[in-house]
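For reference, the structure is listed below as structure tokens.
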Amino acid sequence: MSEDSAGMWSRLAGAARSGELYLDNQEVAFACAKACDQRLKELQDLAVLTQDAQNVAGFGDFKMADDLVRKFSKQATGDDNSVDKVVLEHIETVKNMREVMAISFKRITGQDIENATQFANTTEQVR
């Protein structure tokens, strides 16, 4: 996801919070929010795995090995384009997407999407 996408969804979430923007279809808003929940879980699991990428070792004990360790460590963390920062940016973007959907759902139905999700999960378990 590019910085432009992250910024755009941040602005859209702000517009939704201020009442300037909402999606006018409750089924679509609910389905999108549910998809955002799933994507957030996947990204949060991935964020945990990115910590493993920060443990760079095993290249040997020569100068080129040290250079490789520095290079791969920088790709893992500490840089604007490092894996951990990119995953965190994606998480924030999906949270903003979900917020737009949740606000839209509440505006249309008058009900919090969390309550609707709990109800939908309960009904699925009964079937």
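Since the structure is predicted, the reported quantities are computational estimates derived from the model, not experimental observations.
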Verify the neighbour count for atom CG of Asp52: are there more than 12 heavy atoms of other residues, nucleotides or ligands below 6.0 Å?
yes
Over all atoms of both residues, closest heavy-atom pair of [X] and [Y]:
| X | Y | value |
| --- | --- | --- |
| Ala53 | Ala76 | O-CB, 3.3 Å |
| Ser82 | Asp84 | OG-OD1, 2.6 Å |
| Thr109 | Gln26 | CG2-OE1, 3.2 Å |

Co-membership, hydrophobic cluster, residues [X] and [Y], 4.5 Å side-chain:
| X | Y | value |
| --- | --- | --- |
| Trp9 | Leu23 | yes |
| Leu46 | Leu88 | yes |
| Val28 | Met97 | yes |
| Met101 | Met8 | yes |
| Val87 | Val94 | yes |

Could you tell me whether Asp79 and Lys85 have a side-chain N and a carboxylate O separated by less than 4.0 Å?
no
Who passes side chain to side chain contact (heavy atoms under 4.5 Å, CB included) against [X], sequence neighbours left out?
| X | value |
| --- | --- |
| Asp67 | Lys63, Arg70 |
| Ala15 | Glu20, Leu21 |
| Ala13 | Arg17, Asn96, Glu99, Val100 |

Output all residues satisfying salt bridge (charged side-chain N to carboxylate O under 4.0 Å, His left out) with Asp45, sequence neighbours left out; order by chain, then residue number.
Lys41
Pairing residues for Lys95 by the salt bridge (charged side-chain N to carboxylate O under 4.0 Å, His left out) criterion, not counting sequence neighbours
Glu92
Co-members of Ile103 in a cluster of I, L, V, M, F, W and Y side chains, linked at under 4.5 Å:
none
Are side-chain heavy atoms of Arg98 and Ile113 found at a separation under 4.5 Å?
yes
For side-chain contact (heavy atoms from CB on, under 4.5 Å), just list the numbers for Leu40 and Ile91, CA-CA rounded to whole Å, side-chain angles, deciding distance to a tenth of an Å, and then say yes or no.
CA-CA 6 Å; Leu40 276 172; Ile91 288 171; 4.0 Å; yes
When you measure from the side chain of Asn25 to the backbone of Glu27, do you find a donor-acceptor pair of N or O atoms at a distance under 3.5 Å?
yes
Please check if the side chain of Ser10 supplies one atom and the backbone of Ala6 the other of a donor-acceptor pair under 3.5 Å.
no
Plane angle bin for Phe30 and Phe105 - parallel if under 30°, tilted between 30 and 60°, otherwise perpendicular
tilted
Can you tell me how far the CE atom of Met64 sits from the NZ atom of Lys71, to the nearest 0.5 Å?
9.5 Å
